K.L.:
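Following this message is one structure expressed as structure tokens.
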Amino acid sequence: MFQLFLRARAHNFLSSRREDKGFKARTVERDAETDRVRIDAVMVAIDAALRDAEREQVGLGRRVDDALARASVTFGNGTDEYLEREALDNHHQDLFAADISNGQRRLKELTSSIAHLKFVRTAMLTRFPDFKPPQLNH
């Protein structure tokens, strides 16, 4: 009995909804604006990721160069420097070497990521030729 009641209520609800509103498609302008907003959101995300990766690359490059310069100063310039170097100096050299190695590894990863992000950005602009990136106000 209760099921019949629910079925009747659902039927009445749905039929009243169909009578009130028929199917209406959006305007072409509204569809175009919706598409533009979606593409813009993707492009903004790509551009932000690209900008962040490039900033990280520049900053890390400076730090790696600085570490290389500091390591070369602590190395000494004698031909037998490595034979007479104190343990503390060896320890510092090992730390510099590890930092430099990690920095160079990350720089290599960033170079690859930046290239991929630039490719994705170019692909987006190629696939959506009518898209015009927003102009930045300086």
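Quick caveat: nothing in here was measured; it's all calculated off a predicted structure.
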K.L.:
Show, in sequence, the C-alpha distance, side-chain angles and deciding distance for N102 and R105, and conclude whether the side chain to side chain contact (heavy atoms under 4.5 Å, CB included) test is met.
P.N.:
CA-CA 5 Å; N102 286 334; R105 175 196 48 79; 4.2 Å; yes

K.L.:
Taking a hydrophobic cluster as the set of Ile, Leu, Val, Met, Phe, Trp and Tyr residues connected by side-chain heavy atoms closer than 4.5 Å, whether directly or through intermediates, do V44 and L50 fall within one such cluster?
P.N.:
no

K.L.:
For V37, what are the other residues in its hydrophobic cluster, where any two members join if their side-chain heavy atoms are less than 4.5 angstrom apart?
P.N.:
none

K.L.:
When rounded to the nearest 0.5 angstrom, what is the spacing between CD in E54 and CD1 in I114?
P.N.:
5.0 Å

K.L.:
Sub-3.5 Å donor-acceptor pair from the side chain of S101 to the main-chain atoms of A97, do we have one?
P.N.:
no

K.L.:
Work out which heavy atom in I46 is nearest to a heavy atom in L117; give both atom names and the distance.
P.N.:
CG2-O, 3.9 Å

K.L.:
Looking at CG of D47 and CE of M124, how far apart are the two atoms once the value is rounded to the nearest 0.5 Å?
P.N.:
10.0 Å

K.L.:
Going by the rule side chain to side chain contact (heavy atoms under 4.5 Å, CB included), which residues pair with L60 if we only count those two or more places apart in sequence or in a different chain?
P.N.:
R63, V64, R106, L107, L110

K.L.:
Evaluate the side-chain proximity of R38 to D35: yes if any heavy-atom separation is below 4.5 Å, no if none is.
P.N.:
yes

K.L.:
Let's go through E33 and R26 carefully: what are the C-alpha distance in whole Å and the side-chain angles of both, what is the deciding distance for side chain to side chain contact (heavy atoms under 4.5 Å, CB included) to 0.1 Å, and is it a yes or a no?
P.N.:
CA-CA 11 Å; E33 177 63 15; R26 293 186 293 192; over 6 Å; no

K.L.:
How far apart are the C-alpha atoms of D130 and R36, what are their side-chain angles, what is the distance that settles it, and do they pass the side chain to side chain contact (heavy atoms under 4.5 Å, CB included) test?
P.N.:
CA-CA 9 Å; D130 296 335; R36 190 198 63 72; over 6 Å; no

